[in-house]
Amino acid sequence: MPDEKSFHMTPDEFRRYGHAVVDWIADYHSRIESFPVLSQVKPGAIRASLPASAPERGEDFDAILRDIDQLILPGVTHWQSPNFFAYFPCNASGPAILGDLLSSGLGIQGMLWSTSPACTELETHVLDWLVPMLGLPEKFLSSSTGGGVIQDTASSSSLCALLAARERATNYTTNHKGCDGRIVAYASTQTHSSMQKAAMVSGIGDSNLRMIEVDEKFAMRPESLAKQIAEDKRAGLVPCLVCATVGTTSSNAIDPLSEIARICREHNLWLHVDAAMSGTAALCPEFRHLQNGVEFADSYCFNPHKWMFTNFDCDCFWVADRKALIKTLSILPEYLRNQATETGAVIDYRDWHIPLGRRFRSLKLWFVIRHYGVEGLRHHIREHVRLAQQFASWVRSDGRFELAAPTPLNLVCFRHKSGDEANQAIMDRLNRSGDLFLTHTKLDGKLTLRLCVGQTNTQERHVINAWKRICEEASKLNTL
Ligand SMILES: Cc1ncc(COP(=O)(O)O)c(C=O)c1O
């Protein structure tokens, strides 16, 4: 019998090209500092360099890989550059990349325990490991009433928390009947916009998400929260959830969890804690005081894909009462029925988030934790915090600049005292130079520069150089 015609890559070809790709990635990481951090291409430039239609005949893999260098790299902003100080980081690391590659190689889909028991059980296990690693309450353990699950992003975690809170507050009737416009939830004016999106998507409506005012440190004012809840209750509305943040996106503000939790307990509200980036700091016992009160949370999330050296996407989400989440999100059509599910003895993670299908994301997280160990993770987090604090001290001692917010961890918010235009000019010139990448926010109505030290490979020399470049651009201000 002649072999059937096939266009597939053979295992031998895969091995050869796979080695080439791994070599390419290793070379990329070694030369990453030679690229401008922020891509300098104009809109449409990448598309203009690509053929108008798909190839009729398959192409040589070497040619495809060459095009990564020639066509794609110019349009890449180098998030893995140690000179990336923008937004919050989105880290990669060797062990995470390899774990992700293995996940792709296995190519499994873990929607049910039975569709790959290892996918479910490793995830449950690693999320249980993280509970004591981060000083989180024992009720989040799968052996208790709760448990953890990997979501794609913190946005999904906020949405799931809000849906479960909405159902709990309405005796699990809203999924069936729809919202009646009376359900309300609470966040601060500094809460990440994903909460607003969650209010929109969940049908609660963003006008029913109350944005509570903040204090001079940009943290939620508990007394304003209590007042708003009381007002809403008097008006016959149904409060369901408060979202508190450990490390807001704009300024890394820390909401007072203990006081917020007391108010939530008084009114039987779901407390969701969003610690998307700063949660990683809790690996170090000396930073855990920032999350005092987390023991009262109904749900909590942080993103290892931000600061814990784990490739995007990986958000860890825990609930104290898994039954509330499962009751909210579970649907069992006939074609997914199976014996393991019927026994009730297994976790089916499809009931813990919005999508049905799921990748084997815990592999990369497991690799990261095993490669670094708690000791290695703590070492790098402490070093990032030390460098950010050092940067803040340089800002403080330079009369031209001021700090715009407290610096509890690794984000420094600062500005040149000459006003918005000057700060915009400094930032634009730095970003155009390609030497580093910073972004901005507005605090107290003023344009503020944000420098976040958190990229996997950022070292002291990179932060020293960032400050040197900022000072150089500041000294050119008069001549602009
Ligand atoms: C505090 C906070 N929450 C949520 C998010 C949204 O993150 P994701 O992209 O994982 O949805 C961010 C992103 O920076 C964030 O800083």
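Counting starts at 1 for both ligands and their atoms, following the listed order.
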Nitrogen or oxygen of D274 less than 3.5 angstrom from that of ligand 1: yes

May I ask you to list the atoms of ligand 1 that are less than 4.0 angstrom from any heavy atom of G247? 1 (C)

Tell me which part of N303 gets within contact of ligand 1: side chain, backbone, both or neither, using heavy atoms under 4.0 Å. side chain

When you compare ligand 1 with K306, is there at least one nitrogen or oxygen pair between them that comes in under 3.5 angstrom? yes

Heavy atom of D315 under 4.0 Å from ligand 1? no

Tell me, with the steps shown, if F317 and F302 meet ring pair (Phe, Tyr, Trp, His ring centres under 6.0 Å). CA-CA 7 Å; F317 176 61; F302 91 109; over 10 Å; no

Protein heavy-atom partner closest to atom 11 (O) of ligand 1 - residue, atom, separation in Å: S155 OG, 2.5 Å

Ring pair (Phe, Tyr, Trp, His ring centres under 6.0 Å) for F88 and H305? Distances and angles first, verdict last. CA-CA 10 Å; F88 279 156; H305 73 227; over 10 Å; no

Answer with yes or no after comparing the ring centroid distance for W366 and F360 against a 6.0 Å cut-off, counting only values under it. no

Is the number of heavy atoms from other residues, nucleotides or ligands within 6.0 Å of CZ (F35) greater than 12? yes

Taking atom types as modelled, is there a side-chain donor on S278 or N252 under 3.5 Å from an acceptor on the other? yes

Atoms in ligand 1 flagged as close to H305, the criterion being non-hydrogen separation under 4.0 Å: 10 (O)

Those atoms of ligand 1 less than 4.0 Å from some heavy atom in F88: 14 (O), 16 (O)

Classify the side-chain pair R182/N208 by whether it contains a donor and acceptor separated by less than 3.5 Å. no

Contact between ligand 1 and M195 is defined here as a heavy atom of the residue under 4.0 Å from a ligand atom; is it met? no

For P137 and V131 the tightest heavy-atom approach is O-CG1, 3.5 Å

Would you check if the side chain of D321 reaches a backbone N or O of K323 as a donor-acceptor pair within less than 3.5 Å? yes

Closest non-hydrogen contact found for R358 with I150 is NH2-O, 3.1 Å

Specify the protein heavy atom at minimum distance from atom 6 (C) of ligand 1: its residue, its atom name, and the distance to 0.1 Å. H192 CE1, 3.3 Å

Which protein heavy atom lies closest to atom 15 (C) of ligand 1, and at what distance to 0.1 Å? T249 OG1, 3.3 Å

Using non-hydrogen atoms of the residue, decide whether S278 is closer than 4.0 angstrom to ligand 1. no

Taking a cutoff of less than 4.0 Å between a non-hydrogen atom of the residue and any ligand atom, is T248 in contact with ligand 1? no

Could an N or O of ligand 1 be found under 3.5 Å from any N or O of A154, whether backbone or side chain? yes

